[in-house]
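Letters go in sequence order (proteins before strands), and every chain restarts at 1. Below, each value reflects all heavy atoms present in this structure, side chains not excepted, and no hydrogens, waters or symmetry copies.
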Protein chains: 2
Amino acid sequence: MVNKNTESPEQKQPLVKPGIKPPPSKVQMDDIARLAGVSVSTVSRALSHSPLVSAKTQVRIAELAASLKYSVNVGAQNLRRGQNRTVAVVIPYDSSSRQHVSDPFFIGMLGSIADALTLQGYDMLLSRIDAERLDLAAQYCDSGRAVGVIVIGQWRHHDQLNELAARHLPLVVWGAELPKQMYCTVGSDNVEGGSLATGHLLKTGRRRIAFFGDTQMPEVAQRFEGYERAHAALGLPMSEELNVVVPFVAEAAREAVKSLVAKKIAFDAIFACSDLLAITAIGALRDVGLSVPNDIAVIGYDDVDMASYCHPALTTIHQSIEVAGRALVDALLAIQRGDEALPNHLPTRLVIRASA
Amino acid sequence: MVNKNTESPEQKQPLVKPGIKPPPSKVQMDDIARLAGVSVSTVSRALSHSPLVSAKTQVRIAELAASLKYSVNVGAQNLRRGQNRTVAVVIPYDSSSRQHVSDPFFIGMLGSIADALTLQGYDMLLSRIDAERLDLAAQYCDSGRAVGVIVIGQWRHHDQLNELAARHLPLVVWGAELPKQMYCTVGSDNVEGGSLATGHLLKTGRRRIAFFGDTQMPEVAQRFEGYERAHAALGLPMSEELNVVVPFVAEAAREAVKSLVAKKIAFDAIFACSDLLAITAIGALRDVGLSVPNDIAVIGYDDVDMASYCHPALTTIHQSIEVAGRALVDALLAIQRGDEALPNHLPTRLVIRASA
DNA sequence: CGCAATATTGCAATCGATTGCAATAAAGCG
DNA sequence: CGCTTTATTGCAATCGATTGCAATATTGCG
């Protein structure tokens, strides 16, 4: 290595198998240095705008690098600098139901997180992992691939998330604030949301409102609490049979409608915990000959793009995906910086968007 | 470094700022080696199941590593091995319309690619980039962050994609086969799809079918060709005014319907180039008092989950997202291995899914 | 029990960059 | 013009792992 330059000039490409691919041997700092007639040190400093390198040398090297389409090897750079600008984003999937998450809200959130990360100069490593094995998310940090993890949704795994946080893993979760929570969450006030939605239906005279959601999930449980409060506030009774367990997959909503009808349980409205469930339920209701909104009023949650394109437009609780994505990213980076002043839960705004 | 072990035993943590975070100093091979009383070499070999290490030592080290929750530093490993198991997935966005892609089909494809990559033991780097600057995708390979790039959709940038391929960048694109194409595409037969959809409408007696799509995009252009062929096959005339430029964003479909109606252009059906456009168009049609499917029949494309939940269920051309994701990943890995026998275009299947 | 053959182990170089420190070149000053 | 000060530059160590090769420990066999 020391005296390489004094030997034959073309002795590179040590590991390249003969026969194929001589051209794509990647250009690296060494090459730039040789061509510019300086040392690698100087190239490194020039490319990172060190004041130790004169302005004209910087320009010359920058141009050379650009013309060779050189990009520094991020892996090597990270190794040496002990840094890393990648964040892992995890979308848990429910292995028991063998269903991958396809809810547009969760998926849409991805895009907004991607944008927020890009804006901060971070890369995004996307990973779907089994909701039962959330601990696997730690791998991304342990192996140095990412500096932190964003998990979309708490699902049924508050405990696993706590364990992750206990391992000092920079972690932010989209979800609800829970008691004894060791990790940071970002999310809207689900109790308020549930209350808004239910209140809207009650105000329009509905009295038997079916609740579609899986209260084993913290966010849903809180929305149900809002449902209860809205009833209580008006001194109205509720009925146990109207609380239907519906996970976040479309087919479940269809089944739920069928089941209510089959059991001849009377209801005049549905509060669905996601727009996907709401839209599917509307379809199912019509299939069994019920009119929406005349016979049954339906209200959704999330306000995904598609909601406003349904007919009639779906009334729903709006959560801003853009704000959420930015908040998640900001929180994660703050934690990673060691920001102590960060609260355990960051609320995002919530409004009801009624159909015209 | 040489005589480190002979000096004071606790002299590590060189860069850790005092005050915060003493525990999360990451455990590394060095630590395992010290605790096991062997050299790093042995630990490295043990963890990669080298036959040079005896079985019992392997087990001992594996257990020690597990108990310390150690994961090898992938960055360092990649650097040394000169390999890399990450693929960049690019979702271009249209900066001119300042609209981020939210079409469920594209987004759904992400999930399926993620699954296919995970199955092969690859990580997925997700990136949204400006469709005008697709060349930026090369950065991911140049900087060694990824071994190849999957681009979802060709958009208007066949030329840019060709340039990327010319730079010997392992690249696979979801899209149509085009003349003079230097890169590998995966996609269904769009001419056939367009023909199927149009034929279906013609068969049910529709004669003035509006085409919703942007024929500047290759895939859409081919679907339009199918539209023309279906007409030609039956010797039916077409009308220029029914070819409406509609990019892949929901609002555009709404505008297109309004515009047709405002211009008093007669039509009895719409062939929309995506389900998102179809569903939005249906809503817009109803808003102006037109009945679907009585007055206007609508057919979509893609068969996204939501399509079957609409009311009435949307008739649409089904493309399997799962198959597509797998095909994209397989193709990319084949290219990356230097597989010469790979064709330029890999077709995926296509069927029409008519509403009941 | 002695020596050759085999099974394990560790040293040291290496991957592609960054950076402290010493060396050199350029500039400033009397 | 000579010497100090300042601006550039390069050497060599380093990040956390992998691996060829030489060294050592173990085993087998006569």
Can you give me every donor-acceptor pair (side chain of residues 67-75 of chain A, partner residue at least two apart or in another chain, under 3.5 Å) with its distance?
residue: A:S67; atom: OG; partner: A:L64; partner atom: O; Å: 2.8
residue: A:N73; atom: OD1; partner: A:G75; partner atom: N; Å: 2.9
residue: A:N73; atom: OD1; partner: A:A76; partner atom: N; Å: 2.9

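- Between the side chain of B:Q160 and the backbone N or O of B:E132 there is at least one donor-acceptor pair closer than 3.5 Å.
- Sequence neighbours left out, not one pair with a member in residues 38-47 of chain B passes salt bridge (Lys or Arg N to Asp or Glu O under 4.0 Å).
- Every residue meeting the ring pair (Phe, Tyr, Trp, His ring centres under 6.0 Å) condition with B:Y183, not counting sequence neighbours, appears here in chain and number order: B:H158.
- The side-chain hydrogen bond (donor to acceptor under 3.5 Å, both in side chains) search around B:E63 returns none, not counting sequence neighbours.
- Distance CG (B:D142) to P (C:dA17): 12 Å, rounded to an integer number of Å.
- Sorted by first and then second residue, the salt bridge (Lys or Arg N to Asp or Glu O under 4.0 Å) pairs with a member in residues 133-143 of chain B read B:R133-B:D135, B:D142-B:R167; sequence neighbours excluded.
- A side-chain donor-acceptor contact under 3.5 Å links B:S39 and B:T42.
- Look at B:R80 and you won't find any side-chain N or O under 4.0 angstrom from OP1 or OP2 of C:dT14.
- A salt bridge does not link A:D330 to A:R326: none of the charged side-chain nitrogens sits closer than 4.0 Å to a carboxylate oxygen.
- Take A:T185 and apply the side-chain hydrogen bond (donor to acceptor under 3.5 Å, both in side chains) test, not counting sequence neighbours, and it matches A:Q181, A:H345.
- Atom CZ of B:R34 and atom P of D:dA17 are 12 Å apart (whole Å).
- Atom pair B:R81:CZ and D:dG16:P shows a separation of 18 Å (rounding to whole Å applied).
- Between B:T57 and B:G82, the residue anchored closer to the 5' end of DNA chain C is B:T57, taking for each the nucleotide with the nearest heavy atom.
- A:S54 meets the side-chain hydrogen bond (donor to acceptor under 3.5 Å, both in side chains) test with A:T57; sequence neighbours excluded.
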Hey, what are the protein-to-nucleotides 4-7 of chain C N/O distances that come in under 3.5 Å?
none

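- With contacts defined as side-chain heavy-atom distances shorter than 4.5 Å, the pair A:I152/A:I113 qualifies.
- Rounded to 10°, the angle separating the first-five-pair axis and the last-five-pair axis of the helix from C:dC1-D:dG30 to C:dG30-D:dC1 equals 50°.
- Each of B:V173, B:V87, B:V186 was checked for a side chain to side chain contact (heavy atoms under 4.5 Å, CB included) with B:I150, and the lone residue meeting it is B:V87.
- For DNA chain D, the neighbouring residues in residues 40-49 of chain A, judged by any heavy atom under 4.0 Å, are A:S41, A:T42, A:R45.
- By the side-chain hydrogen bond (donor to acceptor under 3.5 Å, both in side chains) test, B:R60 is found to be paired with no residue, residues two or more places apart in sequence or in another chain being considered.
- In this structure, A:L79 atom CG and D:dC15 atom P are separated by 9 Å, rounded to whole Å.
- Atom NZ of A:K56 and atom P of D:dA7 are 13 Å apart (whole Å).
- D:dG10 atom P lies 14 Å from atom CE of A:M29, rounded to whole Å.
- The stretch residues 66-77 of chain A touches DNA chain C through A:Y70, A:V72, A:N73, A:A76, A:Q77, each having a heavy atom under 4.0 angstrom from the strand.
- Contact check on B:R85 versus B:D123 returns no salt bridge, with no Lys/Arg side-chain nitrogen under 4.0 Å from an Asp/Glu carboxylate oxygen.
- The separation between B:I32 atom CD1 and D:dT18 atom C1' is 16 Å, rounded to whole Å.
- Atom CG of A:D30 is separated from atom P of C:dC15 by 9 Å (rounded to the nearest Å).
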